[in-house]
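Nothing here was measured: the structure is a model prediction, and the numbers come from that model. Naming: A, B, ... by sequence-line order, numbering from 1 per chain.
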Number of protein chains: 2
Amino acid sequence: MTKHIYLFGNNHAEGSAEMKNLLGGKGANLAEMTNLGIPVPPGFTITTDVCNYYYDNNLNYPNDLDNQVNDALRQTEVVMGKEFGRADNPLLFSVRSGARQSMPGMMETVLNIGLTSKTIPGLIAKTGNKRFVYDAYRRLITMYADVVMEKAAGVETKSGKGIRHQLETILVDHKEKKGYTEDADLSGDDWIVISDKFKKQIKEQLGEEFPDDAYAQLWGGVTAVFKSWNGKRAISYRKIENIPEEWGTAVNVQAMVFGNTGKGSATGVAFTRNPATGENVFYGEWLQNAQGEDVVAGLRTPNPLNESTKTDDNQDALSLESFLPQVYNDLDAIRIKLEKHYADMQDIEFTIEEGRLWMLQTRTGKRNGPASIKMAVDMFHEKLIDKEMAVLRVSPDQIDELLHPMVDPEEETKGELLAKGLPAGPGGATGQIVFTADDAEAWKKEERVVILVRDETSPEDVHGMHAAAAILTSKGGMTSHAALVARGWGKCCIVGCGSLQINTDEKTLTINDVVLKEGDSLTLNGTAGKVYRGRLGLLSSDPGANKEYAELMTWADEIRTLKVRTNVERPEDSALARSFGAQGIGLCRTEHMFFDPKRILAVRKMILAGSEKVRRAAVMELLPYQRDDFRGILEAMNDLPVTIRLLDPPLHEFMPQNDKQINELANELNISADAIRIRISNLHELNPMLGHRGCRLGIAYPEITEMQSRAIFEATAELTKNDVNVFPEVMIPLVGTYAEFENQEAIVRKIADAVMEENSIKFNYLVGTMIELPRAALTADEIAQKAEFFSFGTNDLTQTTYGFSRDDIGGFLPDYLEQKVLAHDPFQSLDQSGVGQLVKMGVDKGRSIRENLKIGICGEHGGDPASIDFCHRVGLDYVSCSPYRVPVARLAAAHSVLKNT
Amino acid sequence: MTKHIYLFGNNHAEGSAEMKNLLGGKGANLAEMTNLGIPVPPGFTITTDVCNYYYDNNLNYPNDLDNQVNDALRQTEVVMGKEFGRADNPLLFSVRSGARQSMPGMMETVLNIGLTSKTIPGLIAKTGNKRFVYDAYRRLITMYADVVMEKAAGVETKSGKGIRHQLETILVDHKEKKGYTEDADLSGDDWIVISDKFKKQIKEQLGEEFPDDAYAQLWGGVTAVFKSWNGKRAISYRKIENIPEEWGTAVNVQAMVFGNTGKGSATGVAFTRNPATGENVFYGEWLQNAQGEDVVAGLRTPNPLNESTKTDDNQDALSLESFLPQVYNDLDAIRIKLEKHYADMQDIEFTIEEGRLWMLQTRTGKRNGPASIKMAVDMFHEKLIDKEMAVLRVSPDQIDELLHPMVDPEEETKGELLAKGLPAGPGGATGQIVFTADDAEAWKKEERVVILVRDETSPEDVHGMHAAAAILTSKGGMTSHAALVARGWGKCCIVGCGSLQINTDEKTLTINDVVLKEGDSLTLNGTAGKVYRGRLGLLSSDPGANKEYAELMTWADEIRTLKVRTNVERPEDSALARSFGAQGIGLCRTEHMFFDPKRILAVRKMILAGSEKVRRAAVMELLPYQRDDFRGILEAMNDLPVTIRLLDPPLHEFMPQNDKQINELANELNISADAIRIRISNLHELNPMLGHRGCRLGIAYPEITEMQSRAIFEATAELTKNDVNVFPEVMIPLVGTYAEFENQEAIVRKIADAVMEENSIKFNYLVGTMIELPRAALTADEIAQKAEFFSFGTNDLTQTTYGFSRDDIGGFLPDYLEQKVLAHDPFQSLDQSGVGQLVKMGVDKGRSIRENLKIGICGEHGGDPASIDFCHRVGLDYVSCSPYRVPVARLAAAHSVLKNT
């Protein structure tokens with residue numbers, strides 16, 4: 001005979017915490033607590049196997065389930081000394097779902113099962129509390145009608161409106177008629193009247209009587225829970241969370257205990273440590289004479305659990321510690337027992353029925369980032385967990401919380417939410433809006449804090465982006481220009497906020513009906529992509545002061561095998577990234593260096609040159625600047641490798657954008673504005689992403705590659721002479737064929753040889769390539785014949801593999817995510833099944849030719865934990881990400897080791 | 001002992017035509033002719049193995065080569081009855097290269113080897129012709145100094161100028177001084193003076209004496225030929241033609257015979273059939289008292305070989321047939337013998353020395369398309385070759401020549417070439433230039449023949465493109481809009497012609513310094529991409545009248561296993577494609593149907609709709625039009641499958657482009673022009689190729705998919721009722737994920753079910769997808785779970801795999817081709833090593849799930865022979881191409897069978 005039922009109660013349970021697959025999380029933990037000798041209302045769990053049987057057998061139960069349930073009821077009756085369905089001293093049950101993994105609110109619950117015309121008088125006699133009993137009865141009727149009779153049965157009400165809503169209307173009408181304001185104003189007799197009205201309405205609207213039989217109620221509830229496993233909400237939740245359908249749910253049938261039978265009763269929720277700070281103090285709330293749902297509903301203000309966690313605001317409130325000291329002591333002992341047993345902070349629910357303590361639930365408690373770190377490190381020192389477990393306890397995103405100021409969550413709940421966009425740069429910011437980069441810079445000089453608002457940003461806006469406290473754009477995706485630049489600086493940024501209508505001429509921003517002018521204030525939550533009107537308070541951050549953070553990161557570094565580099569392009573950012581633990585630069589872009597006003601003229605001369613000679617002369621004007629750039633960065637990264645990418649963007653990005661600028665340039669260069677316009681028009685491309693850029697520039701204009709190589713190597717030579725340990729790695733961008741790489745590599749090596757000879761010095765360097773086109777991955781074995789390292793540029797690789805422009809994805813991505821055509825934005829987290837195949841192919845083919853090929857990733861995915869895990873599994877040597885993601889990546893890399901062994 | 005030398009002469013040769021790998025093409029054919037009893041000047045071939053030995057052993061020869069050469073010289077002397085290097089009756093040699101595959105002009109030749117101060121008097125005594133001997137001597141000196149002493153030795157002249165140029169200057173100066181105009185004016189004594197001056201100049205400029213020893217000259221010549229195998233020209237030619245370095249070249253040392261010893265001597269070249277028409281007549285030219293190079297140089301007009309091939313222009317010229325009838329008869333007998341032996345038309349060279357006929361070369365002759373077809377079919381009927389061989393004899397490109405009018409090659413040599421662009425649509429055209437589509441249409445109505453000149457074309461230009469005889473654009477690549485449309489209509493088209501400067505306002509076209517106005521004439525050779533000034537004559541084509549063509553194509557169809565479909569979108573084109581042999585439609589685009597003036601308004605309403613309801617109403621206005629479109633096409637393709645692709649291009653392509661059009665639209669729809677402008681701005685994308693298009697449209701706007709499906713299926717239902725056999729295949733474009741396909745497939749099937757029910761009828765249809773994104777190929781196993789067919793869209797697949805925008809490739813492709821970074825334009829011929837991997841992966845993964853998955857290709861590569869061969873090898877079911885490429889593809893598919901078995 002298959003065992004369908006697992007009993008728990010009276011300090012003994014048939015199940016345990018290990019049996020989550022069969023009993024669900026709730027059932028397993030109830031069993032575990034029971035076995036620990038903790039007082040748990042007795043009951044039993046119907047297994048997830050029964051759920052599967054039910055669906056596999058055309059909604060029928062196993063033959064012997066009925067008998068096993070009856071046996072279990074009998075044994076529970078014995079433990080409680082009450083009987084289910086009996087007129088005197090009746091036993092009531094709750095029926096709750098419980099899947100292997102928590103699916104909060106996705107499935108159904110029915111409480112107070114067993115109240116019938118037969119048992120109600122008995123219960124009133126037993127409790128002497130008519131009001132309590134009829135209040136419980138109307139709760140049963142409401143839940144049962146909604147969950148069992150309407151939803152699970154698939155019956156539509158006559159009026160088309162939900163039955164729960166209809167019943168609530170009856171209650172509201174009654175209160176109005178009687179002049180009541182609170183539920184507490186209703187007497188027992190009021191509840192009797194209401195219960196009758198409820199039952200009449202149910203009969204009329206659903207065509208069936210509310211069942212007046214305890215067993216009918218029980219089976220109705222059990223079936224409703226099983227049915228809710230395939231309810232619409234549960235199915236879509238499972239899709240999002242990747243929960244397989246065959247897991248099924250268990251059903252927990254548990255004796256009811258009541259915290260609302262009188263003044264000696266109470267209910268509460270608590271955390272075994274403070275979930276906001278991580279401090280090892282018992283922290284929670286309780287309500288006298290109340291049911292669990294009352295604490296959650298927030299209609300009454302709950303009291304603090306103990307004296308030590310009282311705040312200025314609730315000094316006068318009655319703590320459980322002082323009201324029921326013995327019960328509190330028992331609860332505290334249970335808290336210590338549970339934490340020791342589970343070796344993690346627990347989120348518990350309890351009920352005190354007439355002075356007697358019952359534990360209703362324990363589960364691992366949620367916590368914020370700083371608290372998570374503190375608890376993990378504390379628990380290691382308390383010898384509850386080892387280092388590996390401590391590292392696993394903190395999620396990479398929780399590290400991120402430490403690195404950016406945040407919008408105060410309290411204030412956020414009250415803020416006026418104007419719009420939502422993509423969370424491109426985490427953290428919070430508040431400031432006055434401006435509409436141009438120049439204004440941002442000017443206002444910053446006047447010491448005003450500004451938020452730069454643009455449709456999209458371009459490299460020409462960089463000075464203003466730097467001056468702004470945050471950036472908000474209406475277009476673009478997670479790897480748009482604005483997003484990349486902001487993340488590099490750890491700056492709060494929201495992009496692709498489609499509901500913004502920006503009028504740059506009139507300097508107004510319209511969001512739905514709200515019109516904002518230049519200087520008006522906004523608050524951005526860049527972690528959530530939320531835009532609020534006005535100024536909300538911010539919470540600041542300072543990871544340097546957090547010694548638990550420092551300790552945890554040391555452990556993570558001991559564990560991980562992936563190195564973590566950073567994507568930066570300025571010496572000061574290099575230093576910052578080092579302070580965050582970066583082990584080198586994985587991507588130093590060189591093009592932004594060209595935008596400096598002192599240099600852009602030479603760049604434009606180069607672009608406008610009519611002959612190779614003139615072009616070469618213009619390019620060479622840039623040499624001293626670039627040499628200084630590289631010297632600064634290489635010096636800041638003393639002892640560490642620095643991957644420098646040669647010029648990548650299409651040339652049109654460097655050209656002036658409007659008539660005024662064109663005329664200025666024409667004057668400066670003494671050529672006609674028309675000549676400039678023709679060149680700009682020649683450079684115009686329909687799809688610049690797929691156009692004349694990357695190594696295609698260096699092949700057409702080898703002098704650019706020569707100049708950049710010379711700048712790198714002259715800086716290298718100079719630093720080497722000064723005993724700085726530099727390791728430049730020259731990276732050729734956008735290579736798709738062996739011949740492209742060979743062409744550019746030859747130039748780089750020729751210049752390296754020349755510089756070594758000119759300086760009578762030897763230095764080490766590598767020449768490698770981005771793998772950012774499908775063809776490069778497909779022919780990685782050819783390219784690896786020459787390339788000494790690969791760096792996966794997964795931004796562009798995602799663009800080309802999907803055929804998605806990251807700048808234009810806003811046109812359809814929202815639809816795709818909403819319709820679940822995509823599970824996530826592939827620019828945020830690497831598409832492992834598609835793009836990942838190419839990455840794996842690139843690694844395997846590359847190493848088949850060059851066994852020790854150094855391979856990294858420098859796309860934005862290098863800072864995403866799931867993508868980092870993928871990089872670890874396919875055998876990359878390092879990931880590279882923006883400075884503020886470095887600590888996140890270090891922790892994620894450690895997780896990958898622990899998860900994959 | 002390894003045999004390094006293969007002798008030929010006196011009707012016996014050690015080698016044969018089979019030994020091309022060892023003896024090179026020339027050596028093998030000289031041996032073959034000798035064995036056939038054909039008079040060939042005797043000599044010997046030094047094998048290609050010696051070439052490899054030479055390079056593998058640090059430029060040393062095998063030890064016994066010297067002995068073997070000496071033996072061979074002795075035997076040759078015996079055959080000729082002369083001796084090499086002897087004062088009386090000296091034997092002279094030519095030294096020529098000869099690789100396995102002809103590499104015309106890439107390697108070196110030295111003639112007249114053996115002329116020294118010792119042998120010259122003997123030869124004069126023997127021939128009695130001082131002038132002839134010294135003329136030969138100066139030719140030897142010139143060639144030897146250039147080829148052996150300068151190039152092969154790697155010596156630079158003192159002055160830096162090439163030695164050949166310097167010697168020619170001496171000759172010119174001498175002629176000037178003497179008042180001579182022709183070489184023929186020079187006497188023997190003149191040549192003596194010049195020879196002396198030549199030798200003096202050589203000593204002075206190259207620091208070495210011209211060798212006065214026959215053996216030194218011979219070894220110098222042999223070594224120079226071997227060295228020329230690794231000369232710069234030869235290496236780059238090998239790269240282009242994919243000739244492996246290890247093939248090496250042979251060296252042919254052959255006794256000299258002279259056509260310039262007097263009036264009884266002559267030289268000539270001939271074809272065994274007419275290479276221009278294919279007629280089975282002996283066709284060639286000869287010159288009295290001349291050397292082979294004189295025929296080629298074109299300084300004297302050669303005479304016709306025989307009476308029957310005389311033209312109106314050379315009726316009075318002396319034919320060889322009438323001048324030396326016996327020699328002519330011998331030559332004609334050789335012609336017949338060679339053709340029978342080689343079973344192919346031969347290109348031969350001969351020399352008549354004092355009435356004695358010598359054959360110097362035979363090789364397979366080049367021929368044009370019509371000639372090739374006629375010869376192949378004739379030779380089958382003459383039982384020279386079988387059907388398979390006949391099919392292989394005609395190259396697919398030669399079929400293409402038959403389908404388009406051509407610029408008369410004669411006139412083309414005299415035409416003024418203004419510019420070169422990409423050969424986007426083959427054939428020739430001549431006409432007056434216009435600058436707008438509207439003008440093209442208007443002028444056409446006045447019965448003028450026009451060429452439409454644009455920077456690039458858009459779907460809005462289609463009416464003008466149709467009206468024009470040819471299209472010329474300054475931008476775009478081989479798969480740009482202009483190219484695709486023109487090819488579909490078999491229209492002459494040149495794109496990406498960068499040197500055009502078009503001023504549409506002033507209606508002028510400037511090419512370098514030439515300014516053309518509207519109405520001026522141009523002639524385009526679309527097969528070669530050449531633009532000529534004025535009107536050149538055209539040769540018309542009519543494949544229907546060519547019965548050899550029809551017969552050959554029947555044979556090709558019997559052989560091939562790949563089916564050939566066509567890419568068309570109009571009923572009349574469908575009929576044309578059927579007449580060319582198309583077996584279905586592989587790609588029917590639906591978007592061009594939207595541009596009709598009657599429909600575009602509804603399209604624009606749809607795009608501007610503010611709600612789904614309004615949008616749906618606008619979309620449904622298009623239903624009757626689309627239904628008519630599909631009915632016409634499906635009916636034209638009765639009994640054959642028709643693949644219809646759902647809407648693909650981004651919506652902005654349908655919007656008006658200028659203020660006038662915007663205002664008109666605003667009036668028609670009664671909305672503000674600004675509202676239209678905002679929508680256009682919203683639709684603007686930075687990279688539309690990677691933007692909101694393809695199935696991404698159908699997912700965002702399911703009503704478009706619904707309308708198109710309904711149009712297809714309502715047409716299907718109606719035709720099915722009328723007993724037309726229709727096989728619609730609905731193709732979802734730009735799928736990258738399983739979920740995208742699933743989403744759209746569900747809509748298509750829902751509509752199909754509905755239409756079947758409404759019409760109480762059943763019909764067959766398939767739903768499949770384009771594989772045109774790397775991710776689709778990578779996850780083809782997932783997509784094949786639902787998709788019933790795949791069609792590789794290799795245009796877009798090439799764009800995304802390489803990261804090349806086909807519209808912008810003009811910016812760097814010329815550099816790439818010139819620098820050999822790319823061997824060919826990957827949009828013309830499929831990149832088998834990169835993109836091909838994805839195609840193969842798509843096929844293998846798709847069929848791993850669905851064994852009989854129908855797979856085709858509908859990119860432009862479907863008409864390219866090399867790509868078709870690839871498609872055959874990876875197991876595709878069909879290729880699809882524009883109507884005019886269908887015959888080409890049929891033949892190419894037959895070739896694939898014959899080549900791959």
Okay, Ile809(B) and chain A: the region with an atom under 4.5 Å from a heavy atom over there is neither
Show the nearest heavy-atom pair for residues [X] and [Y], with the distance to one decimal.
X         : Y         : value
Thr779(B) : Gln837(A) : CG2-NE2, 4.2 Å
Leu778(A) : Gly834(B) : CD1-O, 3.5 Å
Leu773(A) : Thr801(B) : CB-O, 3.9 Å
Pro688(B) : Leu686(A) : CD-O, 3.3 Å
Pro774(B) : Thr800(A) : CD-O, 3.4 Å

Segment of [X] engaging chain B (4.5 angstrom heavy-atom cut-off):
X         : value
Asp831(A) : side chain
Glu456(A) : side chain
Glu685(A) : both

[X] side, atom [atom1]; [Y] side, atom [atom2] - distance, nearest 0.5 Å:
X         : Y         : atom1 : atom2 : result
Arg696(B) : Tyr816(A) : CZ    : OH    : 5.5 Å
Leu838(B) : Leu838(A) : CG    : CG    : 7.0 Å
Ser805(B) : Arg693(A) : OG    : CZ    : 12.0 Å

Check whether Asn687(A) reaches the backbone of Met689(B) with its side chain - one donor and one acceptor, N or O, closer than 3.5 Å.
yes
Of the listed residues (Ala776(A), Gly803(A), Gly811(A)), which shares the most heavy-atom pairs with chain B below a 4.5 Å separation?
Gly803(A)
Heavy-atom pair count under 4.5 Å with chain B, highest-scoring of Thr737(A), Asp796(A), Ile699(A), Leu813(A)
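When all of Thr737(A), Asp796(A), Ile699(A), Leu813(A) are compared, Ile699(A) has the most.
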Can you name the residues that form a side-chain contact (heavy atoms from CB on, under 4.5 Å) with Ala700(A), not counting sequence neighbours?
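Ala700(A) satisfies side-chain contact (heavy atoms from CB on, under 4.5 Å) with His692(A), Asp815(B) only.
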With a 4.5 Å limit on heavy-atom distance, are the side chains of Leu690(A) and Tyr802(B) in contact?
no
Flag side-chain contact, heavy atom, 4.5 Å: Ser833(B) against Arg775(A)
yes
